[in-house]
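Shown next, in structure tokens, is the structure this report addresses.
The residues of the chain are indexed from 1 along the displayed sequence. Just follow the structure's listing: the first ligand is 1, and inside any ligand the first atom is 1.
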Amino acid sequence: MTSPELRTGGSGLAIVRTIGELRGRTAVWRRAGESIGLVPTMGGLHAGHLALVRHARGQCERVVATSFLNPKQFDDAADLERYPRDEARDVAKFAAAGVDMLFAPGGEEIYPEGFATTVTVAGLTDCLCGAARSGHFNGVTTVVAKLLLQALPEVAYFGEKDYQQLLVVKRLVRDLDIPVRIVAVATVRDSDGLALSSRNQYLDPEQRNLAPALYRELTALAARLGDGRDAGTALARSREMLSQAGFDRVEYLELRDGETLDSLSRARPPARLFAAVWLGDTRLIDNLPVA
Ligand code: AMP
């Protein structure tokens, strides 16, 4: 397949669809001694994704972004079906942000007929998002392992918005000796505190108005737990507050160790709050450190 080349403001963004093209082009850069930063995404770009690109742009000579709506990490067919897809819009954003190459493969390129391997990180994936979304993290680790081995970047960028995913990817890379440095990028929020997410566009105006109450509650709870008090009562009160505020369901609101994800009854470094809530059929997640 030919690769269209886009020119935006003097910088070039190459779009490649095959692993062969990706390997060929990154090999040229590697031979020239240029460092490569990888930014994996599922498309549906917003300023959070572009913050990852900005970090990569600042630290690496070449930036490769990937856009692959990975079916294996969706446990709900309806969620996959309605996920935002607008490649032209994403391409324009990647180009403007200074991405050198976009790897946007089709499903058959990543999971060809007969694909039979699953990468599993045990332990860290049992709780929080892993408890409710069966197979989700296996889908993430399988595709991330493949993308890292395909692009062989020096550095790969992941957002703290998906904090459990970040820890799981770090463990994956360590356990499989994949020679890449994982860099965490702070959560990008709207001015009212709502963590940016591709799924925020599903919220109707009333839900969008309510959504930042999650961040406000997490912030208040983090401040309350900072003195090391017993977390049980405070967590229960915050769950109640969120329900009363209008969230349709609090899937989880938990205090855990920010490295091991062990459950904590009192905050102590590096304690972190993790939450997943529902507004209608839209699931929002967020997390914050407890200082
Ligand atoms: P996704 O396209 O949702 O799979 O996300 C791709 C990458 O962008 C992941 O590393 C996410 O953690 C990161 N990301 C998503 N939303 C944000 C955000 N609001 N702030 C920072 N990073 C984010």
Side-chain angles (χ1 to χ4, degrees), residues 37-59 63-76 79-80 82-87 89-91 93-94 97 99 102-105 110 124-125 128-130 133 136-148 151 153 155-173 180-203 208 211-212 214-215 218 258 272 274-276 282-289:
L38 186 75
V39 178
T41 81
M42 296 201 297
L45 292 196
H46 52 65
H49 298 112
L50 299 177
L52 306 191
V53 171
R54 223 173 19 256
H55 275 73
R57 197 61 285 166
Q59 295 176 352
V63 179
V64 177
T66 71
S67 180
F68 179 63
L69 191 50
N70 177 30
K72 285 196 189 293
Q73 70 188 77
F74 284 79
D75 58 339
D76 174 358
D79 188 24
L80 174 61
R82 73 167 177 169
Y83 203 85
R85 296 169 171 85
D86 187 344
E87 188 175 86
R89 177 181 167 277
D90 289 349
V91 163
K93 289 189 175 207
F94 277 136
V99 169
L102 172 63
F103 178 46
I110 298 297
L124 282 177
T125 57
L128 302 174
C129 290
R133 302 182 69 192
H136 166 68
F137 281 116
N138 282 351
V140 170
T141 44
T142 300
V143 83
V144 169
K146 284 173 66 78
L147 292 171
L148 292 174
V155 194
Y157 296 82
F158 289 84
E160 289 188 347
K161 155 82 178 5
D162 302 281
Y163 200 88
Q164 185 178 17
Q165 169 176 285
L166 170 69
L167 293 181
V168 168
V169 167
K170 282 184 175 171
R171 184 67 61 88
L172 160 80
V173 159
V180 63
R181 189 158 58 87
I182 302 299
V183 167
V185 176
T187 302
V188 178
R189 300 176 181 281
D190 256 334
S191 55
D192 58 11
L194 176 64
L196 297 186
S197 163
S198 307
R199 292 185 174 88
N200 289 354
Q201 58 186 272
Y202 309 147
L203 301 173
R208 177 61 189 80
L214 173 61
Y215 174 67
L218 283 178
R272 209 165 181 101
F274 296 88
T282 302
R283 183 175 180 271
L284 304 177
I285 60 169
D286 204 346
N287 67 90
L288 274 189

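Between Ala145 and Leu172, the closest heavy-atom pair is N-CD2, 4.1 Å. Here the shortest heavy-atom pairing between Met42 and Asn70 reads SD-N, 3.9 Å. Scanning both residues, Val53 and Val63, for their nearest heavy atoms gives CG1-CG1, 4.5 Å. Pairing each heavy atom of Ala276 with each of Arg283, the nearest pair is CB-NH2, 3.9 Å.
Distance check, rounded to the nearest 0.5 Å: CD of Gln164 to CZ of Phe137 gives 3.5 Å. Summarising the geometry, atom CG belonging to Leu45 is positioned 10.0 Å from atom CG belonging to Leu52; distances are rounded to the nearest 0.5 Å. Atom CG of residue Asn200 and atom CG of residue Asp190 lie 7.5 Å apart, to the nearest 0.5 angstrom. In this structure, CD1 on Ile182 lies 5.0 Å from CZ on Phe158, to the nearest 0.5 angstrom.
Residue Tyr157 forms a side chain to side chain donor-acceptor pair (under 3.5 Å) with just one option from His55, Arg181, Gln59, and that option is Gln59.
Looking at Lys161 against ligand 1, only its side chain comes within 4.0 Å, counting heavy atoms. Under 4.0 angstrom from ligand 1, there are no non-hydrogen atoms of Leu166.
For atom 1 (P) of ligand 1, the nearest protein heavy atom (residue, atom name, distance) is His49 NE2, 3.6 Å. Nearest protein neighbour of atom 20 (N) of ligand 1, counting heavy atoms only, is Val188 N, 2.8 Å. The single protein non-hydrogen atom nearest to atom 12 (O) of ligand 1 is Asp162 OD2, 2.6 Å, given as residue, atom name and distance. Nearest protein heavy-atom neighbour of atom 10 (O) of ligand 1: Gly159 N, 2.9 Å. Distance from atom 4 (O) of ligand 1 to its nearest protein heavy atom, with residue and atom name: Met42 CG, 3.6 Å.
At least one heavy atom of Tyr83 sits under 4.0 Å from some atom of ligand 1. Residue contacts with ligand 1 leave out Gly44, since none of its heavy atoms falls under 4.0 Å from the ligand. Residue His46 places a heavy atom less than 4.0 Å from ligand 1.
The atoms of ligand 1 that sit less than 4.0 Å from any heavy atom of Phe158 are 10 (O). Below 4.0 Å from some heavy atom of Pro40 lie the following atoms of ligand 1, by number and element: 6 (C), 7 (C). Within ligand 1, the atoms closer than 4.0 Å to a non-hydrogen atom of Leu196 are 16 (N), 17 (C), 18 (C), 19 (N), numbered from 1 in the order shown. If you number the atoms of ligand 1 from 1 as listed, the ones under 4.0 Å from a heavy atom of Thr41 come out as 2 (O), 6 (C). Counting atoms of ligand 1 from 1 in the listed order, those under 4.0 Å from a heavy atom of Leu52 are 7 (C), 8 (O), 10 (O), 13 (C).
The existence of a salt bridge linking Asp86 and Lys93 is excluded, since no basic side-chain nitrogen approaches an acidic carboxylate oxygen closer than 4.0 Å.
In this comparison of Ala195, Ala65, Ser198, Ala186, the heavy atom closest to atom 21 (C) of ligand 1 sits on Ala186.
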